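Accompanying notes for the structure given below.
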2 protein chains.
Amino acid sequence: MMDERKKWLLKTIIEDYVETAEPVGSKVLTTRHKLDISPATVRNDMADLEEMGYLEKTHASSGRVPSDKGYRAYIDNLIVLEPLSKEIKDYIISFLSDAMMEAKSLIEQAAAVLSEQSNYISLVLTPRYGSSSLRQIKILQIEPGRALIVVVLSEGIVKDRVVRIPNIISDQQLVELASAIERGLQGKRLDDITLVTVTAAADGSTIPEPLLNQVLYEAYVSIKQAGHLDMYLQGIHTLLDHPEFHDIEKAQRFLTTLHKEHVVAAYLDEWQAQERENYQDNVAINFSDDNRTESKHTADRPAFMVRIGQEIDLDGMDDCSFITTTYRIGGELSGQICLIGPRRMPYTRTISQINFVNRALTEQMKARARYCKTDE
Amino acid sequence: MMDERKKWLLKTIIEDYVETAEPVGSKVLTTRHKLDISPATVRNDMADLEEMGYLEKTHASSGRVPSDKGYRAYIDNLIVLEPLSKEIKDYIISFLSDAMMEAKSLIEQAAAVLSEQSNYISLVLTPRYGSSSLRQIKILQIEPGRALIVVVLSEGIVKDRVVRIPNIISDQQLVELASAIERGLQGKRLDDITLVTVTAAADGSTIPEPLLNQVLYEAYVSIKQAGHLDMYLQGIHTLLDHPEFHDIEKAQRFLTTLHKEHVVAAYLDEWQAQERENYQDNVAINFSDDNRTESKHTADRPAFMVRIGQEIDLDGMDDCSFITTTYRIGGELSGQICLIGPRRMPYTRTISQINFVNRALTEQMKARARYCKTDE
DNA sequence: TTTAGCACTCGGGAGCAGCGAGTGCTAAAT
DNA sequence: ATTTAGCACTCGCTGCTCCCGAGTGCTAAA
């Protein structure tokens with residue numbers, strides 16, 4: 001059914017289309033690649049590929065354009081990733097190393113560099129820290145009536161927020177309260193901490209009852225919020241660089257959906273959960289179909305997922321592609337890196353980029369851990 | 001030269017154009033507003049207004065469109081602001097009151113609500129805190145090798161960052177170091193603090209020399225960064241709602257410039273400085289030209305500035321308008337609220353909105369201060 | 001000073017023709 | 001059994017013309 005030549009054709013058609021953004025026809029294809037078969041032969045194969053659902057026509061007598069299914073086959077079976085150049089790799093690494101210097105977090109920088117390199121929109125989700133545990137909690141009085149609550153998780157993640165507190169509590173009382181809570185809850189999983197647990201831990205505080213409750217509530221919320229997932233979005237300005245968004249309506253719907261950040265984040269999060277279940281089935285095997293397939297990185301390449309077109313059911317994003325990879329911090333915790341662009345995307349390049357950013361990010365995290373832990 | 005009727009005409013033409021986005025012609029104008037003068041008369045006046053530079057034609061036989069100068073005259077002399085409805089006001093206020101509850105800062109929320117209400121892009125700059133003074137500095141060890149440095153300014157502004165430190169310093173040493181610095185620098189203006197001052201304040205620490213220097217440097221940077229201006233941008237997704245950006249090239253250039261956030265921020269910041277100098281001259285007097293001018297708010301209305309079209313020299317923004325107002329925190333410190341949209345903008349509405357957000361923001365700041373200070 | 005009347009301008013949409021890149025199909029060639 | 005040449009056909013795009021309508025400026029009368 002799907003012989004080697006057809007596979008090669010499909011791959012080539014997709015790559016040509018990605019490059020030119022024009023439907024590709026039989027004639028052009030043969031000349032462009034100096035094929036030793038005639039356009040007519042190509043036409044026959046194309047007709048077959050179309051019947052199998054890998055290609056589509058934009059109108060009755062136009063060239064072919066890949067369908068969702070075509071892209072899917074390409075990604076799953078045909079693609080040959082090309083390694084990034086040394087310069088690019090070094091650039092990405094140095095970009096992330098600088099992150100410690102600046103106020104921006106490593107994760108934020110990862111989103112920035114990915115978007116910059118790919119010229120698409122990037123989106124990085126932090127892990128949900130629910131299964132992580134509490135290491136420290138501090139309450140600093142900023143001024144009478146306001147305090148900064150700092151929560152440190154076992155992975156060294158720091159989150160803080162400014163809260164209102166009753167304005168007649170002394171610095172000393174707050175410090176004592178915080179250490180009581182810390183002692184009581186240290187090592188507990190975030191998910192297992194409740195307002196009741198917090199209150200219990202604070203037993204013995206010298207702060208009078210009603211005032212205490214307010215502070216405890218804020219502490220509780222801070223701990224809970226520390227477990228929430230954050231999201232960094234970068235590169236919206238690249239949107240109009242891609243002809244598929246020159247249709248204003250489309251671009252508008254896209255932006256509107258993207259603006260509802262939590263919707264997109266929730267969507268990605270859910271996916272990740274699903275994906276982890278089916279993981280066993282999806283062991284993608286790159287069956288090579290020509291001898292250009294020298295460089296395979298199956299070993300050290302982080303797993304990536306691609307969602308194409310209709311597979312995405314967010315309004316206004318049904319002719320986009322999402323490329324996502326999962327990065328890990330320590331054992332349990334994982335977050336996601338995501339690249340959003342039109343379906344017509346140079347996957348060989350973008351996948352390499354997202355994979356490398358993933359590797360570099362993970363590397364930096366480890367390096368940080370190593371630096372901090374002293375041993376190992 | 002510019003009699004009452006011409007003024008009224010100019011005002012009406014601008015308001016019609018703003019509403020319809022179509023060049024306005026003499027016929028339409030007379031019927032739409034049931035004028036008791038004929039189209040021919042209107043045409044004569046329009047010709048005059050054009051000659052004076054207030055109106056333009058898009059082509060030889062088209063209706064008129066306001067020029068930069070026309071908008072300027074409108075803003076300076078003709079506009080009659082309309083107060084916001086009670087509902088809207090309440091909504092804005094409640095939106096900002098909630099800010100304390102969420103992680104987002106008041107200022108970030110102000111940007112969000114302004115953009116949401118106006119459906120334009122909003123941008124809020126925090127003050128530069130250089131002239132503000134240091135109230136607290138704390139250094140919390142997160143784990144060996146990493147610390148959180150918290151800086152609190154006299155206005156109750158809190159900023160913090162995670163830094164690397166040598167990993168053999170004890171918690172106790174850090175606490176002592178921080179209080180030494182705090183004692184030494186408390187009440188000093190941020191601008192007056194240098195690495196030398198910080199080092200001097202830390203004299204007597206038990207941390208050995210080379211390690212100490214690293215920490216001091218980070219503390220110094222944290223203090224300096226606390227003085228920097230931050231910027232919150234909201235509402236990019238509204239861009240394509242406005243027909244003037246349906247030209248892809250234009251929208252693209254706009255986004256590219258906006259992406260260089262620091263450029264825009266610097267630009268606004270510079271303006272503010274300039275504007276403050278010429279402040280005396282600019283005392284805009286609304287000379288009323290018809291008796292609809294019942295509701296003037298000259299008294300309690302915060303000053304706003306509008307920059308129109310060519311007056312803005314940022315690439316890709318030369319047919320936009322910037323509306324800015326300055327909000328104050330306490331005495332010296334002031335930040336900016338800015339609304340960016342196309343020149344054709346319902347100024348009566350947007351100016352009221354930005355003014356009200358300014359008032360509400362200032363109010364919230366005061367309320368917070370009052371709550372914290374207890375007295376007053 | 002205002003207005004009616006008129007000739008003129010220009011953008012934009014509708015209708016139409018021709019081009020070109022593409023197709024599918026058939027029949028001959030390998 | 002494939003592959004290929006040949007051919008008729010399709011359809012989007014471009015450019016052309018034509019016309020409409022909303023708008024103008026100018027002139028002469030009110």
Side-chain angles (χ1 to χ4, degrees), chain A residues 1-10 12-14 16-17 19-67 70 243-244 246-248, chain B residues 1-10 12-14 16-17 19-67 70 243-244 246-247 344:
Chain A
M1 253 338 70
M2 181 76 160
D3 58 25
E4 290 305 310
R5 191 180 64 198
K6 286 212 184 69
K7 281 184 202 160
W8 184 85
L9 262 178
L10 178 55
T12 310
I13 289 168
I14 291 178
D16 273 27
Y17 177 64
E19 194 175 326
T20 63
E22 302 274 296
V24 1
S26 54
K27 179 85 177 297
V28 171
L29 201 64
T30 50
T31 56
R32 197 166 196 266
H33 297 277
K34 304 196 192 69
L35 298 192
D36 45 3
I37 50 176
S38 79
T41 312
V42 173
R43 275 206 291 283
N44 287 333
D45 282 358
M46 280 173 136
D48 290 351
L49 286 168
E50 183 178 354
E51 197 170 0
M52 289 186 271
Y54 296 113
L55 296 179
E56 282 169 355
K57 285 190 282 196
T58 59
H59 60 90
S61 73
S62 73
R64 301 310 207 289
V65 152
S67 66
E244 14 276 296
H246 286 11
D247 172 350
I248 301 285
Chain B
M1 258 328 78
M2 181 78 157
D3 57 27
E4 290 305 309
R5 192 180 63 201
K6 286 211 183 70
K7 279 183 205 162
W8 183 86
L9 262 178
L10 178 56
T12 309
I13 290 168
I14 291 177
D16 273 26
Y17 177 65
E19 193 174 326
T20 62
E22 303 274 297
V24 2
S26 53
K27 180 85 176 296
V28 171
L29 202 65
T30 49
T31 57
R32 196 166 197 269
H33 297 275
K34 305 195 192 68
L35 298 192
D36 45 2
I37 51 177
S38 78
T41 313
V42 173
R43 276 206 292 282
N44 288 331
D45 281 358
M46 280 171 134
D48 291 350
L49 286 169
E50 183 178 355
E51 197 171 2
M52 289 188 269
Y54 296 113
L55 295 179
E56 282 168 356
K57 284 189 283 195
T58 59
H59 61 91
S61 72
S62 74
R64 300 313 208 286
V65 151
S67 66
E244 14 277 296
H246 287 11
D247 172 350
R344 186 187 64 80

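First the proteins, then the strands, lettered A, B, ... as listed; each starts at 1. All values reported here derive from a predicted model rather than from experimental measurement.
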Within a strict 4.5 Å, meaning less than it, do heavy atoms of the B/Val24 and B/Glu19 side chains meet?
-> no
So does A/Ser62 get a side-chain nitrogen or oxygen closer than 4.0 Å to the phosphate oxygens (OP1/OP2) of D/dC11?
-> no
Whole-Å distance, A/Ile13 CD1 to C/dG22 P, equals 12 Å
Spacing between B/Leu9 atom CG and C/dT2 atom P, to the nearest angstrom | 11 Å
Gap between atoms CD and P, on A/Glu50 and C/dG24 respectively (whole Å) = 7 Å
Result for 5'-nearest mapping on DNA chain C, choosing between B/Ala60 and B/Arg5, is B/Arg5
Step-by-step side chain to side chain contact (heavy atoms under 4.5 Å, CB included) determination, A/Leu10 to A/Asp45 | CA-CA 9 Å; A/Leu10 178 55; A/Asp45 282 358; over 6 Å; no
Which part of the nucleic acid does B/Asp36 contact within heavy-atom distance under 4.0 Å: base, sugar-phosphate only, or nothing?
-> sugar-phosphate
Which nucleotide in the list D/dT4, C/dT23, C/dC10 gets nearest to the side chain of A/Ser26?
-> C/dT23
State which residue, out of B/Arg32, B/Arg64, B/Arg344, fulfils the salt bridge (charged side-chain N to carboxylate O under 4.0 Å, His left out) condition with B/Asp16.
-> B/Arg32
A/Asn44 has an atom CG; how far is it from atom P of C/dC25, in whole Å?
-> 10 Å
Atom CZ of B/Arg43 and atom P of C/dA7 are separated, to the nearest Å, by 15 Å
Do B/Leu49 and B/Met2 pass the side chain to side chain contact (heavy atoms under 4.5 Å, CB included) test, and can you show the C-alpha distance, the side-chain angles, and the key distance before you say yes or no?
-> CA-CA 8 Å; B/Leu49 286 169; B/Met2 181 78 157; 3.9 Å; yes
Could you check which nucleotide pairs with D/dA28 in any of the strands shown, counting Watson-Crick or G-U wobble with both distances under 3.5 Å?
-> C/dT3
Are OP1 or OP2 of D/dC11 and a side-chain N or O of A/Lys57 less than 4.0 angstrom apart?
-> no
Quick note, A/Ser38 side chain, CB onward, closest among C/dT23, C/dG24, D/dA5 is D/dA5
Partner of D/dC18 by Watson-Crick or G-U wobble geometry, both contacts under 3.5 Å, or none?
-> C/dG13
5′-ward residue of the pair B/Ser61/B/Ala40 relative to DNA chain D | B/Ser61
Length of the NZ-P vector between A/Lys27 and D/dA5, whole Å = 12 Å
